[in-house]
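Throughout, a chain's letter reflects where its sequence line sits, starting with A, and its residues are numbered from 1.
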There are 2 protein chains.
Amino acid sequence: MRILIVEDDKKIASFLEKGLQEAGFSVDVSYNGVDGLSLALTEPYAAAVIDIMLPGLDGLSLIEKLRLRNIDIPVLILSARQSVDDRIEGLQRGGDDYMVKPFSFNELLARIQALLRRGQKHADASVLNVGELQLNPLSRQVTRQGEKLELPAKEYALLELLMRNSGRVISKTSILERIYEYNFDPQTNVVDVLVCRLRNSVDKEYESKLIHTVRGMGYVLRAE
Amino acid sequence: MRILIVEDDKKIASFLEKGLQEAGFSVDVSYNGVDGLSLALTEPYAAAVIDIMLPGLDGLSLIEKLRLRNIDIPVLILSARQSVDDRIEGLQRGGDDYMVKPFSFNELLARIQALLRRGQKHADASVLNVGELQLNPLSRQVTRQGEKLELPAKEYALLELLMRNSGRVISKTSILERIYEYNFDPQTNVVDVLVCRLRNSVDKEYESKLIHTVRGMGYVLRAE
DNA sequence: CTTCAACAATCAGAATTCGCATACATCGTA
DNA sequence: TACGATGTATGCGAATTCTGATTGTTGAAG
């Protein structure tokens, strides 16, 4: 279960990171609001711990931007500002809990777990991840390294097929059957062409190549 | 929206009761754990504020009994015990938030609203928000940037469908099935035309476009 | 090491599909 | 009747996909 920390104080950030990792979470840290936002928009976090006073984009604006884009993960606000009005503002602008520094790590952990417990009801849709590639079947959105990719229908269908079977070799005839309606094997190279186009969309601009051909067999999607 | 208060200190109880009533909630009060439990088991509350130190049945045990019977309403614990360990225990035994007395009523209200906000996300009758669009299913009113939009029946139905599934791609056939009664796929372009009309009503006059087409798949409503 | 055949990748133009806008027809209602 | 809402028909333009030809790669045989 992944948690995002957005905190510019590096000591606090690493303290939180270690503690949450020990508690069994997978943790990402960002030291400013802008990076935090792009992470939160692209990675599937279960929750976030966000400081208010951040360089660039402040924490509350960050949360508002998340909510605007329907990122509904629970957010625990962490702040040095302890006045009641600050706390109220934090909660009203989209935070789910508010803790004042200095804080007890164990209480923070308990509060995060309380938030997660509540959220677990609505288990979110399974997002497919392969390496730096991410595909959300519901929104039909594909990103690589956080950048959005625009894929035409057939390319998208093929990519989804490959991602659902990542690591396994998919034969051309299998692709033909599943993406096209062909149940016979006509003399066509549509699949070759499709794979080529998908490569241009997905692999071309990037260093590591994810789509591999297995000569005589078919294709695999594999992160290496 | 109904809220339950379980608090043996009558001054605090009535203070809370008044404040929450002023905030628009319908409030029930019980002065001991046993009554509180039976109320919570029989009435449909949206949330509860529960003191820990109670005559008869203590607050934490009360919460556990509720959870045991699948009463999953959000619970805010109110307590004089302020040690970190007390707070952690309260959260771990099923509380969703923990406030120490003396407390600020406005902060308590904000915290309750944060809890309700989270729980209500998927409630049916609640107001739908996507970006600067707002739709109230009960009054059938739609606004964008606060301005009221007049939508014909079909356009309204489509918008509600899209808003209830914002971020998800809805196929044309799905629209055909859910807005029209067609279960087959006749040769018609009603959906295209309807979407076009809805765009004219909803997106045309505004800078940011909310209705996006996903070629070959359908349409999404997304704030961007 | 070279050659060759099978296979794969790529390219460009053609063909097709798709979505959009517009105009028109129909229907019910004030 | 006049009007608004809604379904149908049509054509345009662009995005997408296919076809067929060409080029590139691989690995085994000679």
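In this structure, B/Glu150 atom CD and D/dT6 atom P are separated by 13 Å, rounded to whole Å. Distance, B/Leu151 CG to D/dT6 C1': 14 Å, rounded to whole Å. One can place CE of B/Met217 at 10 Å from P of C/dG19, the figure rounded to the nearest angstrom. B/Ile211 places its CD1 atom 13 Å from the C1' atom of C/dC20, with the value rounded to the nearest Å. Separating the CG atom of A/Leu198 from the C1' atom of C/dA9 is a distance of 14 Å, rounded to the nearest angstrom. A straight line from CG of A/Leu194 to P of D/dT19 spans 13 Å, rounded to a whole angstrom. Counting to the nearest Å, the P atom of D/dT17 and the OH atom of A/Tyr180 are 8 Å from each other. The CG atom of B/Asp192 sits 11 Å away from the P atom of C/dC18 (whole-angstrom rounding).
When all heavy atoms of A/Arg140 and B/Val169 are compared, the closest pair comes out as CB-CG2, 3.6 Å. Of all non-hydrogen atoms in A/Ile73 and A/Ala48, the two that sit nearest each other are CD1-CB, 4.0 Å. Of all non-hydrogen atoms in A/Arg168 and A/Val220, the two that sit nearest each other are O-CG1, 3.2 Å.
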Could you encode protein contacts along nucleotides 24-30 of chain C as a string, one character per nucleotide from 5' to 3', using B for base contact, S for sugar-phosphate-only contact and - for no contact, with a heavy-atom cut-off of under 4.0 Å? -------
Going 5' to 3' along nucleotides 20-30 of chain D, which nucleotides have protein heavy atoms under 4.0 Å from the base (write B), which only from the sugar-phosphate (write S), and which from neither (write -)? BB---BB----
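Classification of B/Arg67 and B/Asp96 as a salt-bridged pair holds, one side-chain N sitting under 4.0 Å from a carboxylate O. At a threshold of 4.0 Å, the pair A/Asp203-A/Lys209 does not count as salt-bridged, since none of the basic side-chain nitrogens sits closer than that to a carboxylate oxygen.
The cationic group of B/Arg144 lies under 6.0 Å from the six-membered ring centre of B/Tyr206 and within 45° of the ring axis, placing it in a cation-pi geometry.
A donor-acceptor contact under 3.5 angstrom links the side chains of B/Asn129 and B/Gln134, judged on distance only. Looking at B/Asp28 and B/Tyr45, their side chains do bring a donor and an acceptor atom within 3.5 Å of each other.
At the phosphate of C/dA9, OP1 or OP2 sits under 4.0 Å from a side-chain N or O atom of A/Tyr219. Here B/Thr213 does not reach the OP1 or OP2 of C/dC18: none of its side-chain N or O atoms lies under 4.0 Å away. For B/Lys172, no side-chain nitrogen or oxygen approaches OP1 or OP2 of C/dC18 to under 4.0 Å. An OP1 or OP2 oxygen of D/dG7 is reached within less than 4.0 angstrom by no side-chain nitrogen or oxygen of B/Thr188.
Listed nucleotides: C/dA9, D/dT8, D/dC18. Nearest to the side chain of A/Val190: D/dC18.
Nearest-nucleotide positions on DNA chain D for B/Glu155 and A/Glu155 put B/Glu155 closer to the 5' end.
The side chain to side chain donor-acceptor pair (under 3.5 Å) test applied to A/Glu155 returns A/Ser201, not counting sequence neighbours.
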